[in-house]
Amino acid sequence: MQWETVIGLEVHLQLATASKIFSGSPTTFGAEPNTQASAVDLAMPGMLPVLNEQAVRYAVMFGLGIDAEIGLRSVFDRKNYFYPDLPKGYQISQFAEPIVGRGHFEIQLEDGSTRQIGITRAHLEEDAGKSLHEDFHGMSGIDLNRAGTPLLEIVSEPDIRSAEEAVAYLKALHSLVTYLGISDGNMAEGSMRCDVNISLRPRGHEEFGTRAEIKNVNSFRFVEKAIRHEIERQSDILEDGGKVVQETRLYDPDKDETRPMRSKEVANDYRYFPEPDLLPVIIDTSYVEAIRETLPELPTAKRHRFAEQYGLSAYDAGVLADSRALGDYYEAAVAACGDAKIAANWVQVELLGQLNRSDLELGDCPVSAPDLGGLIARILDNSISGKIAKQVFEAMWAGEGTADEIIAAKGLKQVSDSGALEAMVDEVIAANPGQVEQYRAADEGKRKKLIGFFVGQIMKASKGQANPQMVNSLLAEKLD
Amino acid sequence: MHDLSVTQLAQGLRDKRFSSAELTRAFLQRIAELDGQYNSYISVDEAGALAAAAAADTTLARGEGGPLTGIPLAHKDIFCTDGLRTSCASKMLDNFVPPYDATVVRKFRAAGAVMLGKTNMDEFAMGSSNETSFYGAVKNPWDLERVPGGSSGGSAAAVAAGLAPAATGTDTGGSIRQPAALCGITGLKPTYGRVSRLGMIAFASSLDQGGPMARSAEDCAVLLGAMAGHDPLDSTSADVPVDDYLAGLGEPLAGLRIGLPRQYFGDGLDAATGECVRAALGEFEALGATLVDVDLPNTGLSIPAYYVIAPAEASTNLSRFDGVRYGYRCAEPVDLHDLYTRTRGEGFGEEVKRRILVGTYALSAGYYDAYYKKAQQARRLIARDFDAAFQQVDIIAGPTAPGPAFRLGEKNDDPVAMYLEDVYTLAVNLAGLPGMSVPAGFVDGLPVGLQLVGRHFAEARLLNVAHQFQQATDWHTRRAATGGSN
């Protein structure tokens, strides 16, 4: 049978507030265990939560970024369960009245095509601490630094149909939240954690199949692998006439498989009820509109603008608009050189390639956008060839100066002086009588190939600096 | 000295008739001599009290300080006190020493008051007789075989027996007013949000409110002035200006309309107690007030609504007592489940466990709509009843409790009979209104309380009404026979 995959994603996004959602403790990652846990975070008797307004602002920014209904009244609830890294015995979350309602945003696939993915809701909640099971001689350690860190739980509609789309969704989400500046989106540090709900149904059927939930898949690559594995597992079961069990599963990247986590997931009763220690959050439209005013151009809009304004392919526009910093870099380079297409090519191939090889972020890039633009300008005005430009770029990367400084210092400027070129051409012709003979005997078609040998010799003699167009025309003149 | 009111003591300190150190020592001595029979204190902080008294004397010697500088007080053991055990009368917190003060405690310290110690109470404030305390029952100073009421029974008994001039209490369903009534003192439960709950160990967050317990309305006015006010660290605390409660005590009652809810004078009210209350109401008429019958038709919903909402909130408020970070932990747990079940099974008393069970049940999937949601609807109806009544009258009056202090053990086997103790007080918490209990007479030598209920944030009016009554009567000046050497 042909199966269709149905995927919904729940992303827990850590918001980049300086302090926790209900206490004044800092949220810095990687501090010594329990050094960022206040009496509130430890759930000491009598302690009370106070809502961090910045978390509300960030949630509203996200809501505006996905064109969602903003909950002008939202309510915090208690989600009750016992676990040692949940100090109060309940998590403060939002259940019936979330701050962000239904919205949607566009994802772009590798081939440049796009899809709209619906967002069911997004709500604010606090993170739990961490239980550490190693190095405690059979006991568990509890680190409450993370307890109370603000999270935005973003729940997608079951609109995703493949592992590829799931990854595209996460990348688009990552791009959106980093554009907004509401999260660092760092998956390795747990700033973006993903639960995948996945089910299969016979193609063409309306009704959803039974889903499995895969918890805490924490890299784009693992999401893709976990989904591929889970599709295989479920289709094997269904093909054999079996039934998929509704359960929570864990992806093990070492074995590349998912396995059941807890068996009684359906039986969990969190006893949600409105948190009596907090008032409902009431915001008004002027608050929302004031936030809307501060929003930057968002990735989708930028992608469309790049394609239109600079004549880029959908794919190129997508790559360049992926992060706000890269988009800004690209536009600054275009401004400095005046050619959007060559700039797009240089940024994507040379710049991103070099960053990747050096394992650097754009923020650490040693070549500024105007300097890259300056280099491209020298290609455009024929001062150097594209090949020499790569050499200059490497020198710029190594901190040897601007393109002009390096070209001057290394004498890389293209030789376009016809006298000097003529001498070189004469020398090469004189030194290679056999090849000259061969050339002259050949027909028009073969000559085009044979002339390459002479060009190569001249470029070698000129260390690549001879103007290739002029060399070509001089050779044609002399050999014919 | 133990017979003087807070205002009289403040005057004595200012007139240098005695120092705060002398005053504090006198109360410490009375506690040492007499509290064996009442059991009203869980912890006494002699060293801390004397140090605070010495500091207060220095302030007073400079001619500085306010109405509470150097005045000894006791705090209910539900308020966290920096460096002093705060047990909530539970085995669970028998070893718990907070590293912080509750806002109420901090405010009293800042006002120069001297903390004598922490008073006994029902475990986690769950009870109406002070019999559920891990530290044993408190005895009513008017009759040692009777309960002082609860849950602030230790504070009520300590004030009634002259072991503190005044004390703090908390009131979730009547826990200030009912023990005040049963011990013959004056107690005020402020409007919900008037007094910060930060550092006050939560029982039912949407109902809990701290307030003063003292010998007179005037003393309550002094204490409330120090306790009340917005606390940015308690999101439910109200950002409403605090009145000058003392300055408001001179208003005559002529023209005051007092509403008498029919439902508060029906079946279940002890006849002699009812007579005391009616006689007291006669005093108000003599002072120029008008008595008006009012209707609170949903009064019957208050017990069922309260006994869903309060346990529901309590069941999750008490989840933090899990043996992981502080408080009691069972010996040698074998695994996590064992740690939880034995810690909580051994650390909580019967009544606390009963309420956790009830609350957990009420919030469970499939029952939420039938219980918790329904109870919230009932709560809104009850609040609406009061709103309607306050269209016709300025305050509402009636009995605080259905009868005087009952015998120790009398209602222990019947939780519902115990819950009926709060039949007149619960609705006030559910509606978030301020309520007071003032001494209004005696039945067989046992005090009877009159309850006064005001509009939201009308504490100043309530205190004035009570004060005018106390100017005209002497019930509040009657003292239980206690003995003692000073």
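All chains are named by letter (A, B, ...) in the order of the sequence lines, taking the proteins before the strands, and each is independently numbered beginning at 1.
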So for Asp277(A), is it side chain, backbone, both, or neither that comes closer than 4.5 Å to the heavy atoms of chain B? both

Evaluation steps, side-chain hydrogen bond (donor to acceptor under 3.5 Å, both in side chains), between Thr191(B) and His456(B): CA-CA 6 Å; Thr191(B) 308; His456(B) 288 113; over 6 Å; no

For Phe321(B), is it the side chain, the backbone, both, or neither that has a heavy atom closer than 4.5 Å to a heavy atom of chain A? side chain

Which of Tyr368(B), Phe96(B), Tyr340(B), Phe79(B) touches chain A most, by non-hydrogen pairs under 4.5 Å: Tyr340(B)

Proximity breakdown for Tyr100(B) and chain A, heavy-atom pairs closer than 4.5 Å: side chain

Measure distances from Tyr90(A) to the heavy atoms of chain B and classify the residue's part below 4.5 Å as side chain, backbone, both or neither. side chain

Segment of Pro232(B) engaging chain A (4.5 angstrom heavy-atom cut-off): backbone

Of all of Asp322(B), Val324(B), Thr236(B), Asp335(B), which one pairs up most often with chain A through heavy atoms under 4.5 Å apart? Thr236(B)

Is it the case that atom OH in Tyr367(B) sees more than 12 heavy atoms from other parts of the structure closer than 6.0 Å? no

Chain A contact via Ile78(B) - side chain, backbone, both or neither, heavy atoms under 4.5 Å: neither

Just to verify, which of Glu125(A), Glu275(A), Glu126(A) counts as forming a salt bridge (Lys or Arg N to Asp or Glu O under 4.0 Å) with Arg78(A)? Glu275(A)

Side chain / backbone / both / neither for Asn317(B) at chain A, heavy atoms under 4.5 Å: both

What do the steps show when you test Ser237(B) against Asp231(B) for side-chain hydrogen bond (donor to acceptor under 3.5 Å, both in side chains), and what is the final call? CA-CA 6 Å; Ser237(B) 125; Asp231(B) 183 353; 5.9 Å; no

Axial cation check for Tyr272(A) ring with Lys79(A), 6.0 Å and 45° limits: no

Show the numbers, then the answer: is there a side-chain hydrogen bond (donor to acceptor under 3.5 Å, both in side chains) between Asp77(B) and Asn120(B)? CA-CA 6 Å; Asp77(B) 207 21; Asn120(B) 206 341; over 6 Å; no

Among Pro45(A), Pro274(A), Gly89(A), Ala39(A), the residue with the most heavy-atom pairs under 4.5 Å to chain B is Pro45(A)

Identify whether the distance between the nearest side-chain nitrogen and carboxylate oxygen of Asp94(B) and Arg85(B) falls below 4.0 Å. yes

Counting only heavy atoms closer than 4.5 Å, note whether Arg197(B) contacts chain A via side chain, backbone, both or neither. both

Measuring heavy-atom distances to chain A, does Thr86(B) have an atom under 4.5 Å in its side chain, in its backbone, in both, or in neither? neither

Using non-hydrogen atoms only, which part of Ala365(B) is less than 4.5 Å away from chain A: side chain, backbone, both, or neither? both

With respect to chain A, which residue among Leu363(B), Leu198(B), Thr316(B), Ile201(B) yields the maximal number of heavy-atom pairs within a distance under 4.5 Å? Thr316(B)

Would Ser38(A) and Ser25(A) count as having a side-chain donor-acceptor pair, cut-off 3.5 Å? yes

Would you please test Ser206(B) and Glu313(B) for side-chain hydrogen bond (donor to acceptor under 3.5 Å, both in side chains) and show each step? CA-CA 8 Å; Ser206(B) 75; Glu313(B) 293 181 7; 2.7 Å; yes

